[in-house]
Every structure is written in structure tokens, then in C-alpha cells.
Amino acid sequence: LAIYEKVAEILGVCAVNLNNQFNPDEIVLGDEIPNDEDFLDMVKEQAKLRGNDETAGQISLKVFKEKRKTGNDVGMKGMCRYIVANSFKTMVFDAPRR
């Protein structure tokens, strides 16, 4: 839940910044964002906390609710590769002594 709340906070900040810079009709979230109304409400609440009074209620957020067409998650694969590659940098290998 803490991770979801942090992601919602970051997306809320992004939504406010996009709204302030471009004033879009709507902002569509997708890909790895949960297709869940509760999560979307968390993002909207964070946006309202950070937006000014005039525009806070005008930000229209939607979640792109499309099933993935691929079983390959390149983001997950990349993160796993990053973790494995960096873990070798911090490991200490002791050679067997004779």
C-alpha cells in the first residue's frame, strides 16, 4: 500500500505539472498503472492537494484499460537485469585457500 501511495503521489504531481504547462482536456494513464478506480482516486486526490484552487478540480484523469498484447514485460526484464548486474559489483568472492 505504501508503494501505491507513493506512486499515486508522484503521478498526482505529474498531472498537476502537465495541466499547468499544457492544459490538456484529459490525461490518460496506462501501461503498468493499476486498472483500479481506487488507485485513480488516490492519484486525483494527490493532484487536488498540489494544484491551485482554480484548476485542481478540472484535471481529468483516465486509465487506459487495455489488456497487454504481449507476455514479455520489458520493464521487468530490464529491472531484473539491472539488479543482477549491479549485485555482482557488490559481491565479494573468496577464492578457496589451499
Side-chain angles (χ1 to χ4, degrees):
L1 184 58
I3 293 171
Y4 273 54
E5 289 172 347
K6 185 63 178 176
V7 172
E9 177 185 343
I10 292 167
L11 289 173
V13 170
C14 292
V16 169
N17 287 335
L18 286 171
N19 191 60
N20 289 340
Q21 291 177 13
F22 302 109
N23 195 20
D25 292 332
E26 66 182 13
I27 298 170
V28 180
L29 306 173
D31 197 30
E32 298 297 324
I33 304 302
N35 290 338
D36 181 69
E37 289 300 321
D38 291 335
F39 180 76
L40 189 58
D41 290 340
M42 290 170 64
V43 175
K44 289 177 181 178
E45 185 61 34
Q46 290 296 325
K48 287 180 185 176
L49 290 172
R50 286 158 176 78
N52 63 36
D53 291 339
E54 289 180 25
T55 61
Q58 297 175 358
I59 298 173
S60 175
L61 295 174
K62 295 189 180 186
V63 177
F64 184 68
K65 296 185 180 186
E66 177 79 19
K67 277 194 158 188
R68 291 184 150 236
K69 293 182 171 94
T70 177
N72 295 327
D73 188 339
V74 293
M76 185 63 75
K77 286 182 180 179
M79 182 52 70
C80 289
R81 187 175 181 162
Y82 173 81
I83 291 169
V84 169
N86 284 315
S87 64
F88 284 119
K89 292 178 184 177
T90 60
M91 287 183 184
V92 177
F93 295 99
D94 289 328
R97 296 178 188 207
R98 293 183 179 177

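Cluster annotation: Val13 is not connected to Leu61 through the hydrophobic network of ILVMFWY side chains, with a link wherever side-chain heavy atoms come within less than 4.5 Å. Residues Ile59 and Leu29 are members of one and the same hydrophobic cluster, defined by side-chain heavy-atom contacts under 4.5 angstrom among Ile, Leu, Val, Met, Phe, Trp and Tyr. Phe39 and Ile10 are members of different hydrophobic clusters when ILVMFWY side chains are connected at heavy-atom separations under 4.5 Å.
The shortest side-chain heavy-atom distance between Pro24 and Asn19 falls under the 4.5 Å cut-off.
Each of Lys48, Lys44, Arg50, Met42 was checked for a side chain to side chain contact (heavy atoms under 4.5 Å, CB included) with Gln46, and the lone residue meeting it is Arg50.
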